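Input: a single structure, listed below in structure tokens.
In this text the structure is predicted, and so the values were computed from the model without any measurement.
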Amino acid sequence: MPGTRADVDCWLTDMDGVLVHENQAIPGAAQLIQQWTDQGKPFLVLTNNSIFTPRDLAARLRASGLSVPEESIWTSAMATADFLASQIPGGSAFVIGEAGLTTALHEAGYILTDTAPDYVVVGETRSYSFEAITKAIRLIGGGARFIVTNPDATGPSNEGPLPATGAVAALIERATGKSPYVVGKPNPMMFRSAMNRIGAHSENTAMIGDRMDTDVVAGIEAGLHTILVMTGIADPAEIERYPFRPDEVLSSVADLIDPQPTLTTGAED
């Protein structure tokens, strides 16, 4: 694990609550991304959201004022596809999810089918179908392996919380008696696959997040330098509730911007 921030050469960062909040860039985020780009530091923006493709997310970030290329975005859907391709190359899956997940699985060489699939994969979607959930339960009962992109039980909306992947997975788990394997945060598998993507190693990689229960604990378990920012979910009271600590607690990503050298004119008094 890196002893100090000075040892860090590669960066992983959460998106919502760290770089953006309600589709607005958090002050300092654009400058930090530019700093990493100028310094040639490999970085990935991570999200547990499996609905959107990297292209969708890059466009969303661009609209908020952040320039992040799609190849610098890593989603739980991509991590799931990467994991499945390593387990059963060219396998098959029945999917409950949207374009972010189906695209990632197709790009990993997977066939999507409801006939004797190797896996049932449940991800985020805006419209869970009772028919699809029933199909998933029957396929898992028939021997398909149960995979979930992320454990989040609820997601945000303008009207209030929405049931999310974890809630639907709990329904399927209760009906089948089978527990899923969850790939996204807080599984450190998500960080390991992200580091493989950019050729990073745990000894010189940092993770910036806004949640103790996902970003920080997974970063610690993956052996990363962990930085918690206070622009999202976490507050001082939440930090006190956990038996582990991040390496650093910062007000925001603005605290990671290198100070600009003071210019001198050379004029004498």
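Scanning for ring-ring contact (aromatic ring centres under 6.0 Å, His included) contacts around F43 gives W36, with sequence neighbours left out. Shown here are the side chain to side chain donor-acceptor pair (under 3.5 Å) partners of N196, two or more places apart in sequence or in another chain: there are none. Residues satisfying the ring-ring contact (aromatic ring centres under 6.0 Å, His included) test with F83, not counting sequence neighbours, are Y181.
Between D14 and K185 there is a salt bridge, since a side-chain N of the basic residue sits under 4.0 Å from a carboxylate O of the acidic one.
Each of L250, I227, V229, L32 was evaluated against D255; a single residue qualifies, L250, per the side chain to side chain contact (heavy atoms under 4.5 Å, CB included) test. The residue from N49, I96, T165 that alone fulfils the side chain to side chain contact (heavy atoms under 4.5 Å, CB included) condition with T149 is T165.
For R174, the CZ atom is loosely surrounded, since the number of other residues' heavy atoms within 6.0 Å does not exceed 12. The 12-atom threshold is exceeded at CD of Q39, counting heavy atoms of other residues, nucleotides or ligands nearer than 6.0 Å.
In this structure, F191 is not a member of the same hydrophobic cluster as V182, with clusters built from ILVMFWY side-chain heavy atoms closer than 4.5 Å. Taken together through direct or relayed side-chain contacts under 4.5 Å among Ile, Leu, Val, Met, Phe, Trp and Tyr, M189 and L12 form parts of separate hydrophobic clusters. In this structure, Y242 is a member of the same hydrophobic cluster as V217, with clusters built from ILVMFWY side-chain heavy atoms closer than 4.5 Å. M15 and L256 fall within a single hydrophobic cluster, where Ile, Leu, Val, Met, Phe, Trp and Tyr are joined by side-chain heavy atoms under 4.5 Å apart, directly or via other members. A single hydrophobic cluster is seen to contain both F244 and V249, as judged by linkage of ILVMFWY side chains at heavy-atom distances under 4.5 Å, directly or through other members.
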Donor-acceptor contacts, no H, no angles, side chain residues 132-144, under 3.5 Å, sequence neighbours left out:
| unit_1 | atom_1 | unit_2 | atom_2 | d |
| --- | --- | --- | --- | --- |
| T134 | OG1 | F130 | O | 2.8 |

Under 3.5 Å donor-acceptor pairs involving side-chain atoms of residues 61-72, not counting sequence neighbours:
| unit_1 | atom_1 | unit_2 | atom_2 | d |
| --- | --- | --- | --- | --- |
| S64 | OG | L61 | O | 2.7 |
| E70 | OE2 | R55 | NE | 3.4 |

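Heavy-atom minimum distance, I233 versus D210: N-OD2, 2.9 Å. Here the closest non-hydrogen pair linking L101 and V122 is CD2-C, 4.5 Å. Scanning all heavy atoms of the two residues, the minimum distance from S50 to S76 falls at CB-OG, 3.5 Å. Between Y119 and Q87, the shortest heavy-atom distance links the atoms OH-CB, 3.3 Å. In plain terms, the two heavy atoms of H225 and T4 that are nearest each other are CE1-C, 4.0 Å. When every heavy atom of A194 is checked against every heavy atom of L46, the shortest pair comes out as CB-CD1, 4.2 Å.
Contacts classified as ring-ring contact (aromatic ring centres under 6.0 Å, His included) and involving residues 89-116 (residues at least two apart or in different chains) are not found.
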> Run the side chain to side chain donor-acceptor pair (under 3.5 Å) check on W74 and S193 step by step: do they pass?
Replying inline: CA-CA 9 Å; W74 190 247; S193 61; 3.1 Å; yes
